[in-house]
Amino acid sequence: MLGQYNGKIKALLILAMVVLALTLVGCGKKSLVTGEKAESEKEEKMEQAVEVEENHNTPSETDNQKTGPVFKSHRIRKNDAVYNRIVGHSYPENAKVALSELRYLEITYYGFDEEEHIGEMIVHKDVAKDILEIFQTLYEEDYPIERMQLVDDFDADDEKSMEANNTSAFNYRMIANSNRLSNHSYGKAIDVNPRYNPYVYTYEGKLHVEPANGVEYADRNRDFPHKIDGEDLCCRLFKEHGFIWGGDFRNRKDYQHFEKTEE
């Protein structure tokens, strides 16, 4: 009898141990699944926190869809719509600036036609917030800007872009008549209404005005619409955000130009 009793107790103990083991395994699996789910949700939230768009509308397409002012920053991915527009043009294959350093901006502005438009611009990530804040204030103050397109719409040709009075930023290129990279190459320089605020300098004893069709606006003693000077709202806002104005340059005057120097 005692042997049978001990045998039953032993069997019950073994059964209890098996049940306990199965319970622990089940809990472990549940914890693993829960952990994997939490990690997945964390990654998803991190991905959502980074503003990325595979397909970016052009200004003309976006104008017809707008529901209010837009001031957005997006990362640029290799082979997305924006990348395919700029690669080999404003962004050459051998560019020393990583794609991850650049941001694509959508910006609402008032045109010379007194209508709202949504423009686009590419800048360095370090100045993206500044640029959005500046242009939001300009929009709120009805500051007129004729157009705001990627320089690639003008074959990445700076002169063509300026002649069209296009406000733009990133363009991987050299400074005119030099072998030095422009701050536009880093996305840290912006040109605003360039035809009315030309780049004026002397080279080899000859006066140069860029764009060429801005020569009538080279005389800054004259008063005319869209002129940027030290008292202009645009100039004041850029300076408040730590930018240097080209109109303050000593040996040349770049009235359209605002930049933060590459450190």
Side-chain angles (χ1 to χ4, degrees), residues 86 88-97 101-102 112 121-124 126-127 130-131 134 145-232 234-239 241-263:
I86 68 175
H89 303 288
S90 66
Y91 189 74
E93 297 281 1
N94 62 344
K96 297 178 182 178
V97 179
E101 297 291 297
L102 302 175
F112 284 7
M121 185 183 296
I122 292 176
V123 301
H124 194 279
D126 290 349
V127 301
D130 288 320
I131 297 302
I134 290 167
I145 295 170
E146 185 164 15
R147 69 180 73 243
M148 190 185 298
Q149 300 169 232
L150 300 188
V151 72
D152 304 87
D153 290 350
F154 304 90
D155 303 318
D157 186 311
D158 194 46
E159 180 69 16
K160 289 181 181 178
S161 178
M162 290 189 295
E163 285 179 349
N165 201 34
N166 182 49
T167 294
S168 66
F170 176 76
N171 190 13
Y172 197 86
R173 63 174 177 80
M174 299 294 180
I175 297 173
N177 297 310
S178 80
N179 58 0
R180 293 186 296 117
L181 281 175
S182 163
N183 262 336
H184 287 283
S185 299
Y186 304 100
K188 292 189 174 184
I190 296 89
D191 293 339
V192 180
N193 288 335
R195 186 188 173 201
Y196 295 87
N197 301 283
Y199 177 32
V200 182
Y201 63 100
T202 300
Y203 180 68
E204 295 183 344
K206 183 180 178 181
L207 181 67
H208 291 259
V209 178
E210 299 177 4
N213 66 351
V215 65
E216 62 183 296
Y217 305 107
D219 181 2
R220 308 309 282 187
N221 292 318
R222 294 176 51 231
D223 288 326
F224 48 84
H226 319 304
K227 174 184 175 182
I228 296 176
D229 58 24
E231 300 302 315
D232 183 71
C234 181
C235 185
R236 288 188 282 112
L237 288 173
F238 271 100
K239 285 186 174 183
H241 283 77
F243 285 78
I244 297 169
W245 177 45
D248 289 331
F249 292 166
R250 287 186 179 181
N251 300 322
R252 52 196 170 90
K253 297 296 181 180
D254 202 350
Y255 299 105
Q256 63 196 261
H257 184 90
F258 300 93
E259 70 175 30
K260 279 194 176 181
T261 55
E262 179 69 7
E263 297 179 358

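Here, residue 1 is the first one in the sequence, and each next residue gets the next number. Just so we're clear, the structure is a prediction, and the values are computed from it rather than from any experiment.
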If you apply the rule side chain to side chain contact (heavy atoms under 4.5 Å, CB included), what do you find for Phe249 with His257, and how did you get there?
CA-CA 10 Å; Phe249 292 166; His257 184 90; 4.1 Å; yes

Run Glu259 and Asp254 through side chain to side chain contact (heavy atoms under 4.5 Å, CB included) and show every step you take.
CA-CA 11 Å; Glu259 70 175 30; Asp254 202 350; over 6 Å; no

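Among all heavy-atom pairs drawn from Pro211 and Pro194, the shortest one is CD-O, 3.6 Å. The minimum heavy-atom distance linking Leu181 with Ser185 is given by the pair CD2-OG, 3.5 Å. Here the closest non-hydrogen pair linking Cys235 and Asp229 is CB-O, 3.2 Å.
Within the model, atoms CE of Met148 and CG of Asn193 stand 9.0 Å from one another, a figure rounded to the nearest 0.5 Å. Rounding to the nearest 0.5 Å gives a distance of 13.0 Å between CD1 of Ile244 and CZ of Phe238. Here Met121 contributes atom CE and Asp191 contributes atom CG; the two are 9.5 Å apart, rounded to the nearest 0.5 Å. A distance of 14.5 Å separates CG in Leu150 from OH in Tyr91, rounded to the nearest 0.5 Å. Going from atom SG of Cys234 over to atom CD of Gln256 covers 11.5 Å, rounded to the nearest 0.5 Å.
Salt bridge annotation for Asp126-Lys260: absent, with no cationic side-chain nitrogen under 4.0 angstrom from a carboxylate oxygen.
A side-chain hydrogen bond (donor to acceptor under 3.5 Å, both in side chains) with Asn165 holds for exactly one of Glu146, His226, Arg195; it is Glu146. Checked options Asp153, Asp158, Asp152; the residue passing with Ser90 is Asp152 (criterion: side-chain hydrogen bond (donor to acceptor under 3.5 Å, both in side chains)).
Annotation: side chain of Lys227 is not in contact with side chain of Tyr217 (no heavy-atom distance under 4.5 Å). Residues Phe154 and Glu163 fail the side-chain proximity criterion, which asks for heavy atoms closer than 4.5 Å. The shortest distance between side-chain heavy atoms of Tyr255 and Val192 does not fall below 4.5 Å. Looking at Arg220 and Pro198, their side chains come closer than 4.5 Å, going by heavy atoms from C-beta outward. Contact annotation: the side chain of Phe243 approaches that of Ile131 to within less than 4.5 Å [non-hydrogen atoms, C-beta and beyond].
Here the side chain of Asn197 pairs a donor or acceptor atom with the backbone of Ile228 at under 3.5 angstrom. In this structure, Glu159 contributes its side chain and Ala212 its backbone to a donor-acceptor pair below 3.5 Å. Put simply, the side chain of Arg147 gets close to the backbone of Ala164: a donor and an acceptor are under 3.5 Å apart. The closest donor-acceptor contact from the side chain of Asn171 to the backbone of His184 lies at 3.5 Å or more, if one exists at all. Checking side-chain atoms of Asn183 against main-chain N and O of Phe258 turns up no donor-acceptor pair under 3.5 Å. Side-chain atoms of Tyr172 come within 3.5 Å of backbone N or O of Lys96 as a donor-acceptor pair. Without hydrogens or angle criteria, Asp155 side chain to Asp157 main chain gives no donor-acceptor distance under 3.5 Å. For Arg173 (side chain) and Phe170 (main-chain N/O), no donor-acceptor pair under 3.5 Å exists by modelled atom type.
Lys239 is linked by a side-chain hydrogen bond (donor to acceptor under 3.5 Å, both in side chains) to Asp248, counting only residues two or more places apart in sequence or in another chain. Shown here are the side-chain hydrogen bond (donor to acceptor under 3.5 Å, both in side chains) partners of Thr167, two or more places apart in sequence or in another chain: there are none.
Between Glu210 and His208, the side chains place no donor N or O within less than 3.5 Å of an acceptor N or O (distance only, hydrogens not considered).
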